[in-house]
Amino acid sequence: MDAEASELRARLAAAVHALNHGGGHHHDPSARLAANQWLLALQRSPQAWGVATSLLAAPPPGHPPPPADLLFFAAQMLRRKIQCPPAAAGGCPTPQEVAHLLDALLLAAGRFCLGPPRLLTQISLALAALALRAEGGVDGLFARMRHLPDPAVMELLTVLPEEVVQDQSGDTGVDAAARCRFTRELMAHAPAVLEFLLAQSENTAAAADGVPLHERNRRILRCLLSWVRVGCFSEMPAAALAAHPLLTFAFNSLQVSFSFDVAVEVMTELVSHHQDLPQAFLSKMPYIREALLLPALANRSEKTIAGLVCLMSEVGQAAPALVAEGSVQALALADALLRCSLAHFILDSDAQTEKRNAAQEIFSPVFSSLLDALLFRAQIDTDVHGTDGELCIPDGLAQFRMNLEELLVDICLLLGAPAYINKLFSGGWGLASQSIPWKEVEVRMYALSMVYKSFGDVIGSYSKLLASSQSNIKPLLLFCASGILKSISSNACSLALRKLCEDGSSFMNEPQNLEILFWISEGMDAGNLRIEDEEEIISAITHALCSVLDKELRKSSLARLLCSSYTAVEKLIDIDRDQSLRQNPAAYTEALNLAVHGLYRMGALFGHLATSITSSLIDDDTVLVLLGIFWPLLERLSRSSHMENVSLSAAACRSLSSAIHSCGQHFQILLPKVLECLSTNFLLFQRHDCFLRTAASVIEEFGHKEEYVALCVRTFEALSSAASISTLNSSYTCDQEPDLVEAYANFTSTFIRCCPKEAIVASGSLLELSFQKAAICSTAMHRGAALAAMSYMSCFLDVSLAAALESREHPSDGSPGVVLAQILARCGEGLMSNVLYALLGVSALSRVGTVSKSTIVHKSATILQQLAAVCSLCERTTWKAIISWDSLCRWLQSAVKSMPSEYLRQGEAEMIVPLWLNVLHDAASDYLHSRTGDNVRNNHAYMQGKGGRTLKRIVRDFAESHRNAPMPCPS
């Protein structure tokens, strides 16, 4: 190997390591970006063929083999180059080069036949891609395949049929005619492939080829599955197919746990592709039921049950008429068919009523037996009890029960409600001589509660009609109260309660109705309901109580409702005085959980009060009474050690935010204590971003008042002093703490947007530090963190421009505009550089999160337009000495010049600066125009001008071109 090839191979190894392992440059996001860009460039270059094939070849004597991830990348790169059009792959290889590549890949397949599995798969995919693109490629590959070890042949035969279907991952370089030719050539070898698989299935020698027997059988099934999907049995007569030894092999594999899932896939594909197979499969149903299904039900094997249900359902869907004949085999299959179509087919049948009733009568014993089986399967098989004394239901069983709802409703309809209920109560539990089987009682009550849940849904849907009569309210409330206590029906009944309280609020004044509502609220102390359901219930009851006409009754009722959630929080606080509870983890966890529920219920109450307070339905006296109950409790909790628990602190902050938004001015006297508690707790528990978010809510509500300037600045200073905030000085750190980045960026945005000028002037150093961190965080790979940071920078620039417009005629050294301009003057170069890196990140690597890449592009374009507008405006004022258009020019030139050469195409650096400056000048004019006169009313006018649109286009083109454009070959 010559020196140039060795150097290229070494650079490739270093780039793959940097991409996969961070390259040791966690503090610098450009390391991963540079590695990715370089690898993209190499993949498009002609040199990639040679360096990749050399890596897959056997190393020279005395040299260690390349690492697994480098070998995988080499094989993957070859596959992608083969699949790419010649222009994008760096040219089309000559026939001699194709032959050399084929030899190299075949040797590599033999060399790595025993693994790593991912590497062998990539090599096989590359060989399949070659065969697809060459005339006679399939025949040539099969001719050479006989010299490969069996494991390599098996993997290659597995991936070859996948090329028959258009590759959805970007393999678009093959036209339909070539793919049809490939399919014809491939199917011509189907008989030989089936013979090979049959021979492999009959070879029972353990590890004869270095592969364990159970693994070899699984690979045989995977290969058979690929060929079944392309129709390898399509020319075979039905009788011969049903008796084929490979089908017997697949059926027998159902009994082996290691190969069960693949065997199910094979059988399912066969049934769906060949209409004569369901008849043959039905003959095996008694055996499947006795040997596989019943043992799986007894052992509660979820994997086996799910697989068999899937397979039997496919049979039912493939031939429902065959099953409906009612043979012994068909009846054995009926329990699976009910999961897909038979029950609905009978109930919704368009046949005559007599015929439908006859079908129901025929299948009634089946449905009755199925109900027995389902009840047995749904029983709780554990004696483990939770802290509340109730049996613990495993997650798998809980999900199974939830999936039963529709099926149980169908059975109830088919049997009829009386027969269904009689069936559930026919256990003979009342005999004094028998011990009561409580687990059986529980599961039958569960099946009955499904009906309860359905009735709850009906009440919610028809609440307006049902609540129109006062005589209906009490029984409906009692029904909802009972249903709320059952987990299966709690959601439906809580929603029904809300509808009743909204539509029947005028009838809720009756004392007996109010007592039912209080009974419901006080019954939630056990914490057995979901938080969402509890919030729904409290909101419903709050709505009803706000409609009480008597002022004193309304006030005392709301206070009683709030106190129903008070006790759980108070009990948790009291644990600090009784450390013995701390020594009991189960009891402490239960106390924490109950307190969390109580806090969310308090938050729901205040959240629903907001509308009533605004519309003057709730007077000041009532608000003060509620705050007098709520705040002392929350203050005591905030000073306790329990706030270390993230769920508890989030619940406390949620309830506090709801109270602040609802009570508004009534909270002013408490403001210093509130912000002190939030700051203190954040410094103690610096990963709890909820304190930052709640502090932002407080600033948004009260920060505009001049009397709170000093308090807001102290809070900003305290929160920024936290070590967790100080360490946000690299994109890597931002990716590790995305929630913290978002919360801090949200707080700083709220601060600069809501606080008076005096606060901005007093916080100059803090704002500068936060702006620098935001510029760094904008390059984070986590989109949520990056967008939050960009939003703060955009908010900062918008406030800066507003301050400059306001005081440009009479600027003073102490004005907020000057302070913000000085910050921009010192941070502008870093801002410009990081925005460019953020755009490269959009094209080079996929970011984490759900926000689209176009959002990143839009944010970046907005920031650049705002920055240009500030510089353009200052150019015309006495602030020119601080920041000017020349400043923007220097920042852009410096940012482009400092970028690694691999990032830009040849000559691009010289082109970007004049082009962008020209567009930025026009975009700045658009932005300034949008901030004057009537244009201020349209918040997005700046992007609607020609300059703004052009800027966004060139920014988007810059991001996209560095993902798609061919890169220069690395030297």
Between [X] (side chain) and [Y] (backbone), is there a donor-acceptor pair under 3.5 Å?
X      : Y      : result
Ser872 : Ala868 : no
Lys81  : Ser45  : yes
Ser679 : Glu676 : no
Asn681 : Ser638 : yes
Ser794 : Ser791 : no
Glu742 : Ala788 : no
Asp735 : Ala780 : no
Ser898 : Ser894 : yes
Ser833 : Gly830 : no

Shortest non-hydrogen contact from [X] toward [Y]:
X      : Y      : answer
Asn834 : Ile776 : OD1-CA, 4.0 Å
Lys773 : Ser726 : NZ-O, 3.2 Å
Ala804 : Leu873 : CB-CD2, 3.6 Å
Gly764 : Ile823 : O-CD1, 3.5 Å
Ser763 : Val713 : OG-CG2, 3.5 Å
Met793 : Leu831 : SD-CD1, 3.3 Å

task = Decide side-chain contact (heavy atoms from CB on, under 4.5 Å) for Thr748 and Leu767; before the verdict, give the C-alpha distance in whole Å, the side-chain angles of both, and the deciding distance to 0.1 Å.
result = CA-CA 8 Å; Thr748 50; Leu767 290 170; 5.7 Å; no
message = Looking only at side-chain N and O atoms, does Tyr837 offer a donor or acceptor that is under 3.5 Å from a partner on Ser778?
response = no
task = May I ask you to check whether Lys757 and Ser815 show a side-chain donor-acceptor distance below 3.5 Å?
result = no
Short N-O contact, Arg687 and Glu737, less than 4.0 angstrom = yes
message = Check this for me: does any side-chain nitrogen of one of Asp957 and Arg953 sit under 4.0 Å from a carboxylate oxygen of the other?
response =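 Yes, this pair counts.
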task = Might you confirm whether atom NE2 of His921 has over 12 heavy atoms from other residues, nucleotides or ligands at distances under 6.0 Å?
result = no
Considering only heavy atoms from C-beta outward, does the side chain of [X] approach that of [Y] to under 4.5 Å?
X      : Y      : value
Ile760 : Ile752 : yes
Leu39  : Val16  : yes
Ser770 : Phe716 : yes
Val741 : Asp689 : no
Phe958 : Ile912 : yes
Thr694 : Phe682 : no
Ser697 : Ile660 : no
Leu824 : Ser800 : yes

ask   = Using 30° and 60° as the class limits, which term best fits the ring planes of Phe796 and Phe771: parallel, tilted or perpendicular?
value = tilted
Would you give the length of the straight line joining atom [atom1] of [X] to atom [atom2] of [Y], rounded to the nearest 0.5 angstrom?
X      : Y      : atom1 : atom2 : result
Ser662 : Phe606 : OG    : CZ    : 7.5 Å
Arg693 : Thr750 : CZ    : OG1   : 10.5 Å
Ile856 : Met790 : CD1   : CE    : 5.0 Å
Leu711 : Leu675 : CG    : CG    : 4.5 Å
Leu719 : Phe747 : CG    : CZ    : 5.0 Å
Leu920 : Leu867 : CG    : CG    : 8.0 Å

request  = Apply side-chain contact (heavy atoms from CB on, under 4.5 Å) to the pair Leu917 and Cys889, showing each step before the final yes or no.
outcome  = CA-CA 7 Å; Leu917 285 176; Cys889 297; 3.7 Å; yes
query = Between Asp922 and Val919, does a side-chain contact (heavy atoms from CB on, under 4.5 Å) hold up when you go through it step by step?
reply = CA-CA 5 Å; Asp922 294 339; Val919 174; 5.8 Å; no
request  = Begin from the C-alpha positions of Leu8 and Leu42 and carry the test side-chain contact (heavy atoms from CB on, under 4.5 Å) through to its verdict.
outcome  = CA-CA 9 Å; Leu8 183 58; Leu42 175 64; 4.1 Å; yes
request  = Would you mind telling me which of Leu864, Thr862, Ile863 makes a side-chain contact (heavy atoms from CB on, under 4.5 Å) with Leu797?
outcome  =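 One option only clears the test, and that one is Ile863.
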